[in-house]
Asks: 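I have a structure I would like to understand better, so I am pasting it below and will then ask my questions one at a time.
All chains are named by letter (A, B, ...) in the order of the sequence lines, taking the proteins before the strands, and each is independently numbered beginning at 1.
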Number of protein chains: 2
Amino acid sequence: MRDSNKNNLFEAGNVYKVISGVVRISKLLPDGRRQISSFHTAGDMFGFEADELHNASAEAVTPVKVIAYKWQSLLDSTRSASVVRDLLNLTMVGLRQTQEHLLLLGRKNALERVAAFLLDMAKRTRTGSVIELAMARHDIADYLGLTLETVSRMFAELKDQGAIKLEGARRVHLLDTERLTAMSA
Amino acid sequence: MRDSNKNNLFEAGNVYKVISGVVRISKLLPDGRRQISSFHTAGDMFGFEADELHNASAEAVTPVKVIAYKWQSLLDSTRSASVVRDLLNLTMVGLRQTQEHLLLLGRKNALERVAAFLLDMAKRTRTGSVIELAMARHDIADYLGLTLETVSRMFAELKDQGAIKLEGARRVHLLDTERLTAMSA
DNA sequence: CGCTGTTTTGATTTAATTCAAGCATAGTGG
DNA sequence: CCACTATGCTTGAATTAAATCAAAACAGCG
């Protein structure tokens with residue numbers, strides 16, 4: 001197990017399980033534009049995207065504890081067969097989530113994206129209708145394919161409409177999940 | 001093997017291999033907005049995204065021949081272990097490609113998207129620098145998160161810049177791959 | 001040759017970005 | 001304990017890239 005808030009968590013050839021904290025997976029364009037493909041929280045596994053050529057990076061959004069599994073040792077283990085089947089399942093789930101995110105980035109407007117994001121976060125954390133955002137507006141923007149200003153404006157819009165309440169910038173009360181769901185398109 | 005140009009190719013519980021033709025995988029929003037997550041051509045496998053709940057659909061862009069493999073029988077086979085490992089690899093490759101596409105949808109402008117699309121198509125087909133587009137502008141638009149008009153304008157722009165030449169709407173000569181590559185990111 | 005669906009091109013509108021201040025909040029040291 | 005600073009967030013005004021609306025040009029195909 002590894003206790004870290006350093007920059008790049010990954011080495012290709014490993015798969016990771018998050019014990020606590022939040023990790024973001026992202027890719028950069030040469031000029032610095034960034035797209036975050038996913039956030040991972042306690043219990044999630046990641047690292048299926050890593051390979052030698054492709055340069056995705058994994059970074060800690062908050063201080064993080066992760067377990068690193070060596071790819072090689074997973075394949076060699078006596079239970080290898082069922083382990084590989086589990087890994088396949090996890091990767092397939094990841095693929096589905098990523099395709100859902102494609103739909104968001106390709107076809108949803110700013111308000112729909114933010115509404116969908118909040119609902120997704122609420123689903124993960126299971127702390128009722130109050131969510132604690134671990135990441136900055138800038139990270140949310142890079143996840144949703146928007147600018148941080150637009151994200152901020154959409155939060156304000158949702159607040160004005162009475163769908164959410166903000167306690168500081170990071171704690172969000174979902175007041176009307178019904179409506180958020182409808183808005184998330 | 002299945003010879004088809006009908007609408008939805010998939011049943012969950014199957015994985016498919018394309019023998020010939022082109023398949024598109026897409027998701028719809030309730031109001032009809034569509035995002036195509038991938039096109040699959042001869043040799044490609046697809047179906048890793050399918051499950052009971054999630055509604056992705058696979059459709060033939062051209063008349064298609066595919067082989068359907070029953071998930072169950074793949075797992076039961078005597079060579080199951082290596083088969084599952086192969087499926088895991090394919091799914092991981094799919095995940096990487098999908099994340100690359102997230103970067104395109106979230107952060108690239110229209111010209112960059114179209115340039116990247118053309119290069120990607122060229123890489124797949126390996127017919128030198130001339131590519132035959134199997135799909136309509138509308139499908140390209142839904143893949144790139146644009147409107148068909150914008151796609152058309154970007155083709156015109158690339159033509160004006162001397163990066164490509166069009167022979168009708170569907171055959172594209174890549175005249176300056178170098179520049180297209182630079183433009184694509 | 002005349003349809004039908006596809007693609008291109010043009011004019012206008014709009015959603016989101018960019019640029020530019022201000023405002024909060026938390027942390028630091030006097 | 002309170003100024004002082006750094007960092008992140010919000011808000012406003014102006015700009016812009018892409019969407020929308022609208023029409024013409026272009027295939028294919030019966």
Asks: Measure the distance from CG on D31(A) to P on dT18(C) and round it to the nearest whole Å.
Replies: 11 Å
Asks: Can you find an N or O donor on one side and an acceptor on the other, under 3.5 Å apart, linking the side chain of R137(B) with the base of dG5(C)?
Replies: no
Asks: Taking R33(B) for its side chain and R107(A) for its backbone only, find out whether a donor-acceptor pair lies under 3.5 Å.
Replies: yes
Asks: Using whole Å, what does the distance between atom C1' of nucleotide dA18(D) and atom CG of L105(A) come to?
Replies: 16 Å
Asks: Nearest-nucleotide wise, let me know which of M135(B) and T150(A) is further upstream toward the 5' end of DNA chain C.
Replies: M135(B)
Asks: Tell me: CZ of R33(B) to P of dA15(C), nearest whole Å?
Replies: 12 Å
Asks: Strictly below 4.0 Å, N to O, side chains only: are R96(A) and E49(B) in salt-bridge contact?
Replies: no
Asks: Give a yes/no answer on whether the side chain of T147(A) brings an N or O atom under 4.0 Å of OP1 or OP2 in dA16(C).
Replies: no
Asks: Is the shortest side-chain N to carboxylate O distance from D176(B) to K165(B) below 4.0 Å?
Replies: no
Asks: Send over the distance from L133(A) CG to dC9(D) C1', rounded to a whole Å.
Replies: 13 Å
Asks: Return the value, rounded to whole Å, for the distance between atom CE of M154(A) and atom C1' of dA16(C).
Replies: 8 Å
Asks: In terms of hydrophobic clustering (I, L, V, M, F, W, Y; side-chain heavy atoms under 4.5 Å; direct or indirect links), are Y143(A) and L29(A) co-clustered?
Replies: no
Asks: Choose from dA18(D), dT7(C), dT11(D) the nucleotide whose nearest atom is closest to any side-chain atom of E149(A).
Replies: dT11(D)
Asks: Starting at the 5' end of DNA chain D, which residue's closest nucleotide do you reach first, A169(B) or G145(B)?
Replies: G145(B)
Asks: Between dA18(D) atom P and N109(A) atom CG, what is the distance in whole Å?
Replies: 17 Å
Asks: With a 4.0 Å cut-off on heavy atoms, is L146(B) in touch with a base, just the backbone sugar-phosphate, or nothing at all?
Replies: sugar-phosphate
Asks: Looking only at the side chain of A110(B) (C-beta and beyond, no hydrogens), which of the listed nucleotides dA16(C), dA18(D), dA20(C) gets closest?
Replies: dA18(D)
Asks: Check whether the side chains of S77(B) and S80(B) place a donor and an acceptor atom closer than 3.5 Å, and report yes or no.
Replies: no
Asks: Rounded to the Å, how far apart are D139(A) CG and dT7(D) P?
Replies: 16 Å
Asks: Just to be sure I understand the rule, does R170(A) reach a base, reach only the sugar-phosphate, or reach nothing, if contact means heavy atoms closer than 4.0 Å?
Replies: sugar-phosphate
Asks: Please report the distance, rounded to the nearest Å, between CZ in F155(B) and P in dC26(D).
Replies: 18 Å
Asks: Ignoring backbone atoms, establish whether R153(B) has a side-chain N or O less than 4.0 Å from OP1 or OP2 of dT7(C).
Replies: no
Asks: With the side chain of L166(B) defined as its heavy atoms from C-beta on, choose the nearest nucleotide among dT8(C), dT9(C), dC9(D).
Replies: dT8(C)
